[in-house]
Structures are given as structure tokens and as C-alpha cells.
Visitor: 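To start, I am sharing the structure in question, which I have written as C-alpha cells.
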Amino acid sequence: QVQLVESGGGLVQPGESLRLSCAASGVTFSSYAMSWYRQAPGKERELVARMSSAGGRIDYAEAVKGRFTISRDNAKNTAYLQMNNLKPEDTAVYYCNAAAWPKAYWGQGTQVTVSS
């Protein structure tokens with residue numbers, strides 16, 4: 001059974017940092033592109049960052065470029081999202097996605113709240 005489990009969310013003040021983790025099981029992790037999405041209340045889910053299976057292609061949403069870094073450790077079947085200089089507008093539930101067309105899997109999400 002495929003499972004993606006996010007962790008690392010929490011409550012932080014503006015300007016602080018968090019690192020999210022996405023632990024995968026039941027998939028050949030190295031074959032999947034990994035992405036992070038987020039969804040704020042009343043908003044559509046948006047792509048934050050994505051990385052190809054080999055790590056050679058990385059894309060970021062304009063709103064997080066320069067502040068967030070996506071990475072992966074295939075030996076640990078884990079993807080990460082390092083979030084620096086967090087802003088209140090980053091508040092959302094963050095979801096991990098693993099995709100290898102036509103298959104795609106989602107984690108249950110982890111809450112990130114940025115507030116003073």
C-alpha cells in the first residue's frame with residue numbers, strides 16, 4: 001500500500017524557518033517526481049515546488065522562489081521542503097505529492113502557521 005506521510009509543520013513567527021519531510025513507502029521512490037503543494041483556507045491548492053525523479057529539474061512557485069528549497073534523499077525514501085524567511089501568507093496545509101504518469105499519490109498534509 002502506498003503511503004506518503006508529511007511531518008515538520010507547526011507554528012512559527014514571521015522570518016523563522018521550518019523543514020517539512022515527506023516519507024514514502026510502497027513505491028519505488030527513485031522513479032517518482034516529488035512535489036509540494038499547499039492549500040490555504042478558501043483557496044485552491046497550489047504547486048509550491050517540484051523536483052524530477054533524478055533531481056535534475058526543479059521548479060518553484062514565484063511566491064516562494066529564493067526562500068524555499070526542495071530536496072530528496074532516495075536512500076531514505078524521503079523528500080524535504082526547507083522553508084526560510086516564512087511569511088504569514090505561507091500559512092497553509094502543505095501536501096506531498098509523488099507522481100509518475102499516470103500514477104499520482106498524496107499525503108494527508110501538515111499544517112504550517114506563520115503568525116506573530
Side-chain angles (χ1 to χ4, degrees):
Q1 184 174 354
V2 176
Q3 287 191 343
L4 301 177
V5 180
E6 300 97 336
S7 62
L11 173 64
V12 297
Q13 295 183 341
E16 295 184 338
S17 299
L18 284 173
R19 188 180 75 157
L20 305 184
S21 297
C22 173
S25 62
V27 299
T28 304
F29 184 79
S30 61
S31 298
Y32 283 76
M34 299 299 298
S35 300
W36 288 94
Y37 289 75
R38 67 186 182 187
Q39 187 167 24
K43 303 290 291 294
E44 294 185 349
R45 188 172 298 187
E46 65 173 338
L47 176 67
V48 176
R50 60 186 173 193
M51 172 178 276
S52 62
S53 59
R57 182 168 183 167
I58 301 172
D59 297 290
Y60 296 98
E62 193 68 28
V64 308
K65 194 172 298 182
R67 298 188 297 119
F68 290 11
T69 303
I70 187 172
S71 62
R72 65 192 296 158
D73 186 339
N74 287 348
K76 296 181 178 179
N77 284 6
T78 302
Y80 304 94
L81 185 68
Q82 178 67 44
M83 305 184 294
N84 295 330
N85 191 24
L86 283 161
K87 304 177 182 298
E89 51 263 44
D90 296 318
T91 296
V93 177
Y94 284 71
Y95 297 91
C96 178
N97 173 275
W101 181 262
K103 299 179 181 179
Y105 303 98
W106 292 91
Q108 295 188 74
T110 185
Q111 177 71 48
V112 172
T113 302
V114 185
S115 177
S116 59

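The structure displayed is predicted, hence computed values, not measured ones. Because only heavy atoms are used, hydrogens play no part in the values below, and waters and symmetry mates are left out as well, while side chains stay in.
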Visitor: Checking the side chain of Gln39 only, and the main-chain atoms of Glu44 only, is there a donor and an acceptor separated by less than 3.5 Å?
Guide: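 No, because the side chain of Gln39 does not come within donor-acceptor range (under 3.5 Å) of the backbone of Glu44.
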Visitor: Quick one: are Val12 and Thr113 in side-chain contact, heavy atoms under 4.5 Å?
Guide: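 A side-chain contact is absent here, since even the closest heavy-atom pair is not under 4.5 Å.
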Visitor: Side-chain donor-acceptor contacts of residues 90-98 below 3.5 Å, not counting sequence neighbours, with atom names and distances?
Guide:
| unit_1 | atom_1 | unit_2 | atom_2 | d |
| --- | --- | --- | --- | --- |
| Asp90 | OD1 | Arg38 | NH1 | 2.9 |
| Asp90 | OD1 | Arg67 | NH2 | 3.1 |
| Asp90 | OD2 | Arg67 | NH1 | 2.8 |
| Asp90 | OD2 | Arg67 | NH2 | 3.4 |
| Asp90 | OD2 | Lys87 | N | 2.8 |
| Thr91 | OG1 | Pro88 | O | 2.9 |
| Thr91 | OG1 | Val114 | N | 2.9 |
| Thr91 | OG1 | Val114 | O | 3.4 |
| Tyr94 | OH | Arg38 | NH1 | 2.9 |
| Tyr94 | OH | Asp90 | O | 2.6 |
| Asn97 | ND2 | Tyr105 | O | 3.4 |

Visitor: Taking salt bridge (Lys or Arg N to Asp or Glu O under 4.0 Å) as the test, write out the residues that go with Arg50, two or more places apart.
Guide: Asp59
Visitor: Ignoring hydrogens and angles, tell me if any N or O in the side chain of Thr110 forms a donor-acceptor pair with the backbone of Ser7 under 3.5 Å.
Guide: no
Visitor: So which atom in Gly9 and which in Leu20 form the shortest heavy-atom distance, rounded to 0.1 Å?
Guide: N-CD2, 3.6 Å
Visitor: Should Val64 and Ile58 be counted in the same cluster of Ile, Leu, Val, Met, Phe, Trp and Tyr side chains packed under 4.5 Å apart?
Guide: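 Yes; tracing contacts between hydrophobic side chains, which count when under 4.5 Å, links both residues.
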Visitor: Could you measure the distance from the CE atom of Met83 to the OG1 atom of Thr69? Nearest 0.5 Å is fine.
Guide: 11.0 Å
Visitor: Donor-acceptor pairs under 3.5 Å, side chain of residues 21-33 to any protein atom, not counting sequence neighbours: which ones?
Guide:
none

Visitor: Give a yes or no on this: more than 12 heavy atoms of other residues, nucleotides or ligands lie within 6.0 Å of atom CD of Gln108.
Guide: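 Not buried by this count: 12 neighbours or fewer within 6.0 Å.
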Visitor: Kindly write out the residues that satisfy salt bridge (Lys or Arg N to Asp or Glu O under 4.0 Å) with Lys43, not counting sequence neighbours, or none if the list is empty.
Guide: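 Once residues adjacent in sequence are excluded, Lys43 has no partner under the salt bridge (Lys or Arg N to Asp or Glu O under 4.0 Å) criterion.
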Visitor: Quick one: do Glu6 and Trp106 satisfy side chain to side chain contact (heavy atoms under 4.5 Å, CB included)? Show the steps, please.
Guide: CA-CA 10 Å; Glu6 300 97 336; Trp106 292 91; over 6 Å; no
Visitor: Tell me, which pairs form a disulfide (SG to SG under 2.5 Å) where one or both residues lie in residues 54-92, sequence neighbours left out?
Guide: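 Qualifying pairs: none.
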Visitor: If every non-hydrogen atom of Ala49 is compared with every non-hydrogen atom of Leu81, which pair is closest and at what distance?
Guide: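 Result for this residue pair: CB-CD1, 4.2 Å.
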Visitor: For the hydrophobic clusters of this structure (ILVMFWY residues joined by side-chain heavy atoms under 4.5 Å, transitively), does one cluster hold both Leu86 and Ile70?
Guide: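 Same hydrophobic cluster.
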Visitor: Do Trp36 and Phe68 pass the ring-ring contact (aromatic ring centres under 6.0 Å, His included) test, and can you show the C-alpha distance, the side-chain angles, and the key distance before you say yes or no?
Guide: CA-CA 11 Å; Trp36 288 94; Phe68 290 11; 10.0 Å; no
Visitor: Looking at every non-hydrogen atom in both residues, tell me the closest pair between Ala79 and Met34 and how far apart they are.
Guide: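 So the two residues come closest at CB-CE, 3.9 Å.
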Visitor: With sequence neighbours left out, what residues match Tyr80 under ring-ring contact (aromatic ring centres under 6.0 Å, His included)?
Guide: none
Visitor: Say whether Asn84 and Ser17, considering side chains only, have a donor N or O and an acceptor N or O under 3.5 Å apart.
Guide: yes
